[in-house]
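Presented below is the structure to which this report refers.
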Amino acid sequence: MKLIKTLTLASLLLALPACSASTRFVSPPPTPQLARPDSALTKDCDRPVDVGDKPLSQEETENLWVKDRGALVACRRSKTALRDFYADRDSRLAGQK
């Protein structure tokens, strides 16, 4: 009986180094590299035009309105592009694309 226990223990000790050799070169996957968005996409949008305290003529009001609308449209395009950038990057990281 003692011989069987000794042989079992010896065979286990011989098997352990074989397992360590097969797992020696396993390494974790590389860390994903996150892309940075274009700096033009992350800048703040233009503030609304300051009209001040004085009364405005119709022409001044229309000119300021056109400027504000142009800034609003440009800001929306920029933020939409930024949203699309992050959605694309995140889907690539998740392996969906």
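Predicted model, so just to flag it, every value in this text is computed and none were measured.
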The reported gap from CD in Q58 to CG in N63 (rounded to nearest 0.5 angstrom) is 10.5 Å
Kindly determine whether K54 and E60 satisfy side chain to side chain contact (heavy atoms under 4.5 Å, CB included), including the steps that lead there. CA-CA 11 Å; K54 65 179 175 112; E60 291 172 322; 3.7 Å; yes
Indicate yes or no for a side-chain donor-acceptor contact from D88 to the backbone of D84 under 3.5 Å, with no hydrogens or angles considered. no
How close do S78 and A40 get, counting heavy atoms only, and between which atoms? OG-O, 3.8 Å
Can you sort out the partners of R47 under side-chain contact (heavy atoms from CB on, under 4.5 Å), two or more places apart, ordered by chain and number? none
Per side chain to side chain contact (heavy atoms under 4.5 Å, CB included), R76 is matched among L72, T80, V73 by T80
About how many Å separate CH2 of W65 and CG of L56, when rounded to the nearest 0.5 Å? 15.5 Å
Does anything in residues 28-94 form a disulfide bond (SG atoms under 2.5 Å apart)? List the pairs, not counting sequence neighbours. C45-C75
Could you tell me which non-hydrogen atom of A35 sits nearest to which non-hydrogen atom of F85, and how far apart they are? O-CZ, 3.6 Å
Should K67 and E62 count as side-chain neighbours, where that means a heavy-atom distance under 4.5 Å? no
Answer yes or no: is there a donor N or O on one side and an acceptor on the other, between the side chain of T8 and the main chain of I4, under 3.5 Å? yes
By the definition side chain to side chain contact (heavy atoms under 4.5 Å, CB included), identify the one residue from V51, D46, V49 that meets it with D68. V49
Give the intermediate values and the outcome of side chain to side chain contact (heavy atoms under 4.5 Å, CB included) for residues L82 and D38. CA-CA 8 Å; L82 184 63; D38 184 9; over 6 Å; no
Note: K79 and K43 closest approach over all heavy atoms is NZ-O, 3.0 Å
